[in-house]
S.K.: 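This is the structure, below, for whatever I ask next.
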Amino acid sequence: QVQLVESGGGLVQAGGSLRLSCVASGTIFGISAMGWLRQAPGQQRELVAFITSSGSTNYADSVKGRFTISRDNAKNTVNLQMNSLKPEDTAVYYCNADIRRAPWPAKFNGYWGQGTQVTVSS
């Protein structure tokens with residue numbers, strides 16, 4: 001069994017910062033891409049940022065220059081540093097990771113965290 005547990009959400013004023021963390025635990029033989037997605041009320045879930053196992057990153061245009069994704073492969077952790085937050089960043093943020101639960105040639109499957117609320121007040 002694999003679990004992704006997020007932490008670090010909360011309420012912050014516009015212009016402030018928050019740092020989200022997500023740790024994967026359980027039977028893990030490898031993790032490829034890890035990322036963060038968010039879903040605002042009445043909106044579809046959208047990709048915020050992802051990072052490959054080698055450290056390549058990709059960001060949504062709306063967060064470029066404000067958010068930074070990083071990972072610690074030894075700790076199976078992915079972080080999202082969010083600066084200069086805006087009210088439109090308000091959403092539930094979900095961690096996602098592609099995890100292999102058995103040795104090669106087992107495939108990678110996607111797993112989700114439970115979500116953490118980020119609220120930015122104006």
S.K.: Linking I/L/V/M/F/W/Y whenever their side-chain heavy atoms sit closer than 4.5 Å, directly or via other members, would W36 and I31 fall into one cluster?
M.R.: yes
S.K.: Could you check V23 against L4 for side-chain contact (heavy atoms from CB on, under 4.5 Å), going step by step and ending with a plain yes or no?
M.R.: CA-CA 6 Å; V23 59; L4 298 182; over 6 Å; no
S.K.: Provide the closest heavy-atom pair for A40 versus A91 in the form atom of the first, atom of the second, distance.
M.R.: N-CB, 3.8 Å
S.K.: Just wondering, do R38 and Q43 contact through their side chains at under 4.5 Å, heavy atoms?
M.R.: no
S.K.: Is any side-chain heavy atom of V48 closer than 4.5 Å to a side-chain heavy atom of F67?
M.R.: yes
S.K.: List the atom of Y59, the atom of A49, and the distance in Å for their closest heavy-atom pair.
M.R.: CD2-CB, 3.5 Å
S.K.: Indicate whether the side chain of E88 and that of T90 have a donor and an acceptor atom separated by less than 3.5 Å.
M.R.: no
S.K.: If the condition is side chain to side chain contact (heavy atoms under 4.5 Å, CB included), which residues does S70 pass it with, not counting sequence neighbours?
M.R.: R19, N79
S.K.: Would you indicate whether the side-chain heavy atoms of V92 and T116 approach each other to under 4.5 Å?
M.R.: no
S.K.: How many angstroms lie between CG in L18 and CG in N83, if you round to the nearest 0.5 Å?
M.R.: 9.5 Å
S.K.: Just so I know, are the side chains of V118 and M82 near enough to count as touching, which here means a heavy-atom distance under 4.5 Å?
M.R.: yes
S.K.: Kindly compute the distance separating OG (S84) from CZ (R66), expressed to the nearest 0.5 Å.
M.R.: 7.0 Å
S.K.: Hey, is CD on Q39 packed in by over 12 heavy atoms from elsewhere, all under 6.0 Å?
M.R.: yes
S.K.: Could you please spell out the steps behind the side-chain contact (heavy atoms from CB on, under 4.5 Å) verdict for L80 and T68?
M.R.: CA-CA 6 Å; L80 186 69; T68 302; over 6 Å; no
S.K.: Which donor-acceptor pairs under 3.5 Å do side chains of residues 94-115 form with protein atoms, sequence neighbours excluded?
M.R.:
residue : atom : partner : partner atom : Å
N96     : ND2  : Y111    : O            : 3.2
Q114    : NE2  : E6      : OE1          : 3.4

S.K.: With a 4.0 Å cut-off, would you call D61 and K64 a salt bridge?
M.R.: yes
S.K.: If we only count heavy atoms from C-beta on, is the R71 to S53 side-chain gap below 4.5 Å?
M.R.: yes
S.K.: Rounded to the nearest 0.5 Å, how far does OG of S25 lie from CG of N76?
M.R.: 8.5 Å
S.K.: Hey, are the side chains of V78 and I69 touching, using non-hydrogen atoms and a 4.5 Å cut-off?
M.R.: yes
S.K.: Is there a donor in the side chain of D72 and an acceptor in the side chain of T77, or the other way round, less than 3.5 Å apart?
M.R.: no
S.K.: Are the side chains of T119 and V12 in touch, meaning some heavy atoms are under 4.5 Å apart?
M.R.: no
S.K.: Any chance you could lay out the side-chain contact (heavy atoms from CB on, under 4.5 Å) test for F50 and T57, step after step, and finish with the verdict?
M.R.: CA-CA 6 Å; F50 71 84; T57 59; over 6 Å; no
